Amino acid sequence: MDHGDRIEDALKAALVRVTADRCPPKLASALDYALFPGGARVRPRLCLAVAAACGDDAPQLADAAASSIELLHCASLIHDDLPCFDDAETRRGKPSVHRAYGEPLAVLAGDALIVAAFETLGLGIAIDCRRSAGLISIVARAVGGPTGIVAGQAWECEDSIPMDEYHQAKTGSLFSAATMAGALAAGAEPEQWRTLGERLGESYQIADDICDLVADPGERGKPIGRDRDLGRPNAAGALGVSGALGRLRALLEEAVASVPDCPGKAALSEHILTSAQPYLPKQISRVAA
Ligand code: FPP
Ligand code: MG
């Protein structure tokens with residue numbers, strides 16, 4: 001089955017588990033709204049691409065890993081958009097969850113998605129206990145403290161923000177979880193896949209920073225200029241747009257070079273290079289192509 005379909009099916013199955021039976025209807029609706037239609041599903045696609053490169057001998061585990069990472073990503077976006085953080089009106093081209101459903105349901109929808117992610121991974125124990133234990137640990141460390149996305153967000157509460165550590169925790173950690181979990185789901189040694197996730201996470205962050213400076217708001221589906229307005233580190237602000245593009249290209253080359261030997265190395269390298277294009281604003285991806 002196509003990777004996109006596998007991801008959507010696994011997310012739908014998770015949504016059914018969370019909203020079945022007597023779930024309060026507004027919470028069920030907010031969860032559906034937060035998950036569908038999704039964005040580019042960059043992280044779960046990366047997870048499945050790595051699993052495929054490693055042989056994908058337990059696709060149900062790979063689907064669980066990929067969908068748990070997307071559930072956590074969606075949870076983090078709901079919370080990130082709240083008034084106490086970025087106070088964003090829009091996300092993926094529609095009102096943010098708290099704008100559509102109110103703050104209490106947005107907080108609860110994020111909470112429910114976090115729990116759903118770990119329930120999804122827990123269900124994998126019936127398939128392979130050892131791999132599932134490792135997957136739970138990889139994903140938990142990418143999300144919580146001391147260096148996961150919660151820690152990354154918490155840097156924004158400090159008086160000064162170290163840009164590299166901040167971006168690695170806030171963005172890179174979930175990309176590393178995607179590559180490492182994809183590998184482990186297919187029975188490969190996960191640690192060898194960390195560098196690929198780190199380089200891709202950094203390149204995604206640089207692309208996001210470029211977009212935050214120069215993209216068209218309609219194309220992006222979320223506000224632009226937020227880093228400047230909120231006093232956040234922005235790599236394109238620090239390096240200039242062409243400097244940031246140069247760094248992005250170098251990171252993608254390093255990402256490809258870091259791919260460990262595996263049966264699907266060539267196809268994965270191709271995936272890495274083509275999947276970066278949609279990150280960029282259209283006028284730049286035409287120039288950078
Ligand atoms: C988007 O960054 C936000 C994140 C990458 C992480 C946000 C993390 C939290 C709110 C911590 C809570 C975590 C969970 C799992 C609920 P951005 O504001 O730079 O990007 P944007 O332009 O897409 O908003
Ligand atoms: Mg934000």
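Being a predicted model, the structure only gives us computed values, none of them experimental. Counting starts at 1 for both ligands and their atoms, following the listed order. Every heavy atom of this structure was used, including side-chain atoms; hydrogens, water molecules and symmetry mates were not.
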### Message
Can you confirm whether more than 12 heavy atoms, excluding those of E89, are under 6.0 Å from its CD atom?
### Response
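No, the 6.0 Å shell around CD holds no more than 12 heavy atoms from other groups.
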
### Message
Would you say that more than 12 heavy atoms from the other residues, nucleotides or ligands in this model lie under 6.0 Å from the NZ of K26, or not?
### Response
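No.
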
### Query
Would you say the side-chain atoms of D86 pair up with the backbone N or O of A88, donor to acceptor, closer than 3.5 Å?
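Side chain of D86 to backbone of A88: no pair is present.
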
### Message
Within 2.8 Å of the Mg ion (ligand 2), is there any N, O or S atom belonging to D80?
### Response
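Yes - counting backbone and side chain alike, D80 has an N, O or S atom under 2.8 Å.
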
#### Entry: Any side-chain heavy-atom pair of D63 and L48 under 4.5 Å
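Side chain of D63 against side chain of L48, heavy atoms only: contact under 4.5 Å found.
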
### Message
Between D209 and Q205, do the side chains contain a donor N or O and an acceptor N or O under 3.5 Å apart?
### Response
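Q205 vs D209: donor-acceptor pair found between side chains.
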
### Task
Apply the test side chain to side chain donor-acceptor pair (under 3.5 Å) to residues R17 and T120: give CA-CA distance (whole Å), side-chain angles for both, the deciding distance (0.1 Å), then the verdict.
CA-CA 9 Å; R17 281 194 293 277; T120 301; 3.1 Å; yes

### Query
Is it true that the NZ or CZ of R199 lies under 6.0 Å from the centre of F175's six-membered ring and within 45 degrees of the ring axis?
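Relative to the ring axis of F175, which defines the angle, R199 lies outside at least one limit.
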
### Message
Checking one value in my table: which N/O/S atom of D86 lies closest to the Mg ion (ligand 2)?
### Response
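Relative to the Mg ion (ligand 2), the closest nitrogen, oxygen or sulfur of D86 carries the name OD2.
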
May I have a table of the N/O to N/O pairs between ligand 1 and the protein that fall below 3.5 Å, each row giving the two atom names and the distance to 0.1 Å?
from	atom 1	to	atom 2	distance (Å)
ligand 1	2 (O)	K170	NZ	3.2
ligand 1	18 (O)	D80	OD1	3.4
ligand 1	18 (O)	D80	OD2	3.0
ligand 1	18 (O)	D86	OD2	2.7
ligand 1	19 (O)	K170	NZ	3.3
ligand 1	22 (O)	K222	NZ	3.2
ligand 1	23 (O)	R91	NH1	2.7
ligand 1	23 (O)	R91	NH2	3.4
ligand 1	23 (O)	K222	NZ	2.6
ligand 1	24 (O)	D80	OD2	2.9
ligand 1	24 (O)	R91	NH2	2.8

